[in-house]
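The structure appears right after this line, and notes come after that.
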Amino acid sequence: MSPLTAAPLTIEWSLLGLLAEQPMHGYELHQRLTVTTGLRLVWHVKQSQLYAVLARLEERGYLTTTLETQEARPPRKIHTLTPAGRNALEAWLRTPVPRGRDLRLEFMAKVYFARQQGDATLHTLLTAQETIFHKWLAELQNTLDALNPTSYEALVYRFRVGQVQAMLAWLEQIETEDTAATTKTPDK
């Protein structure tokens, strides 16, 4: 089985994540992606696109499809995650994104599903992502230090350094807030 390709919207991963929760039919998956909270804040997918992605995932062996009969209606396809699909999803959830621009879509989906799996998965993901961004920040800072401070190039690199610093602060905030939320004891 080939790994999922890094498509521009990698919606495949979100579908695998939803199917890890429970088997669902295509319309139900589409409904889950279009509610006003959760993944809808990150992903926008047309129903026709969703069915094409589901077919691709089945071809790759990441899900299976069974028919469920319905009274007075045509049967519907129920999609179930396979062990190969679950393994691919687990590996994806623990792998950081390589570029800052991937935070907005792919990483946000990873955080959504990592939080559902628990603190250990989320911590693994956040730590790996922080490591990548610390390395990136050091490289940018080294380049900036070698530039004429009044040059246009230095201006661009200062901007990039600021972006990476903001991303790191955001990652640390997620870790702090999630840790605090799970260690709170309910009031009685």
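With a 4.5 Å cut-off on side-chain heavy atoms, Thr34 and Gln31 count as touching. Using a 4.5 Å heavy-atom threshold, the side chains of Ile78 and Met24 count as separate. Looking at heavy atoms from C-beta onward, Lys77 lies out of side-chain contact with Thr66 at the 4.5 angstrom threshold. No side-chain heavy atom of Lys135 sits under 4.5 Å from any side-chain heavy atom of Thr131.
Thr82 places a side-chain N or O within 3.5 Å of a backbone atom of Gly61 that can act as its donor or acceptor partner. A donor-acceptor pair under 3.5 Å is absent between the side-chain atoms of Arg32 and the main chain of Tyr27, judged by distance alone. Ser151 contributes a side-chain N or O that, together with a main-chain N or O of Asn148, makes up a donor-acceptor pair within less than 3.5 Å. Looking at Gln70, its side chain does come within 3.5 Å of a backbone N or O of Pro74 through a donor-acceptor pair. Judged by distance alone, with hydrogens and angles left aside, the side-chain atoms of Lys110 form a donor-acceptor pair with the main-chain N or O of Thr95 at under 3.5 Å. Remark: side-chain polar atoms of Glu106 are not paired, donor with acceptor, to backbone N or O of Val97 under 3.5 angstrom.
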Practice problem: With side chain to side chain contact (heavy atoms under 4.5 Å, CB included) as the test, would you mind laying out the steps for Leu19 and Thr80 before giving the verdict? | Solution: CA-CA 6 Å; Leu19 289 171; Thr80 304; over 6 Å; no
Quiz prompt | side chain to side chain contact (heavy atoms under 4.5 Å, CB included) between Leu168 and Glu130, worked out | solution = CA-CA 6 Å; Leu168 279 166; Glu130 288 172 0; 4.3 Å; yes
Exercise. List the steps, then state whether side chain to side chain contact (heavy atoms under 4.5 Å, CB included) holds for Thr64 with His79.
Key: CA-CA 6 Å; Thr64 59; His79 306 282; over 6 Å; no
Self-check item: Stepwise side chain to side chain contact (heavy atoms under 4.5 Å, CB included) check, Leu33 with Ile11
Solution: CA-CA 10 Å; Leu33 288 169; Ile11 190 69; 4.2 Å; yes
Exercise. Please test Glu90 against Arg94 for salt bridge (Lys or Arg N to Asp or Glu O under 4.0 Å), starting from the C-alpha separation and ending with a verdict.
Key: CA-CA 7 Å; Glu90 295 296 324; Arg94 288 173 170 75; 2.9 Å; yes
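Aromatic ring pairs are classed by plane angle as parallel below 30°, tilted from 30° to 60° and perpendicular above 60°; the pair Trp170 and Phe107 is perpendicular.
When every heavy atom of Trp13 is checked against every heavy atom of Phe113, the shortest pair comes out as O-CE1, 4.4 Å. Nearest approach of Ala114 to Leu125, heavy atoms of both residues: CB-CD2, 4.1 Å. Among all heavy-atom pairs drawn from Leu89 and Ala20, the shortest one is CD2-CB, 3.7 Å. Taking every heavy atom of both residues into account, Ala88 and Tyr62 meet most closely at CB-CE2, 3.5 Å. Considering all non-hydrogen atoms of both residues, Pro96 and Ile132 come closest at CG-CD1, 3.3 Å. Scanning all heavy atoms of the two residues, the minimum distance from Leu122 to Arg115 falls at CD2-CG, 3.8 Å.
With rounding to the nearest 0.5 Å, the separation of CG in Leu29 from NE2 in His25 is 8.5 Å. The CD atom of Gln47 sits 7.0 Å away from atom CG of Leu50, with the distance rounded to the nearest 0.5 Å. How far CZ of Arg56 is from CD of Glu12: 4.5 Å, rounded to the nearest 0.5 Å. The CD atom of Gln163 lies 11.5 Å from the CG atom of Leu137; values are rounded to the nearest 0.5 Å. Here the CD atom belonging to Gln129 is positioned 13.0 Å from the OG1 atom belonging to Thr124, to the nearest 0.5 angstrom.
Clustering ILVMFWY residues whenever any of their side-chain heavy atoms sit less than 4.5 angstrom apart, transitively, puts Leu15 in the very cluster that holds Leu105. Linking Ile, Leu, Val, Met, Phe, Trp and Tyr residues whenever their side-chain heavy atoms come within less than 4.5 Å places Leu93 and Met108 in a single cluster. In this structure, Tyr112 is a member of the same hydrophobic cluster as Ile174, with clusters built from ILVMFWY side-chain heavy atoms closer than 4.5 Å.
For residues 61-70, the set of pairs meeting the salt bridge (charged side-chain N to carboxylate O under 4.0 Å, His left out) definition, not counting sequence neighbours, comprises Glu68-Arg76.
For Glu153, there are no salt bridge (Lys or Arg N to Asp or Glu O under 4.0 Å) partners, not counting sequence neighbours. When the side-chain contact (heavy atoms from CB on, under 4.5 Å) test is applied to Glu58, the partners found at least two apart in sequence or on another chain are Leu63, Thr65. With sequence neighbours left out, the side-chain contact (heavy atoms from CB on, under 4.5 Å) criterion links Val156 to Tyr152, Arg160. Every ring-ring contact (aromatic ring centres under 6.0 Å, His included) that Phe133 has, sequence neighbours left out, goes to Trp136.
In the displayed structure, Arg101 atom CZ is contacted under 6.0 Å by at most 12 heavy atoms of other residues, nucleotides or ligands.
Taking Ile, Leu, Val, Met, Phe, Trp and Tyr as members and joining any whose side-chain heavy atoms lie under 4.5 Å apart, directly or through other members, Phe159 forms no hydrophobic cluster with any other residue.
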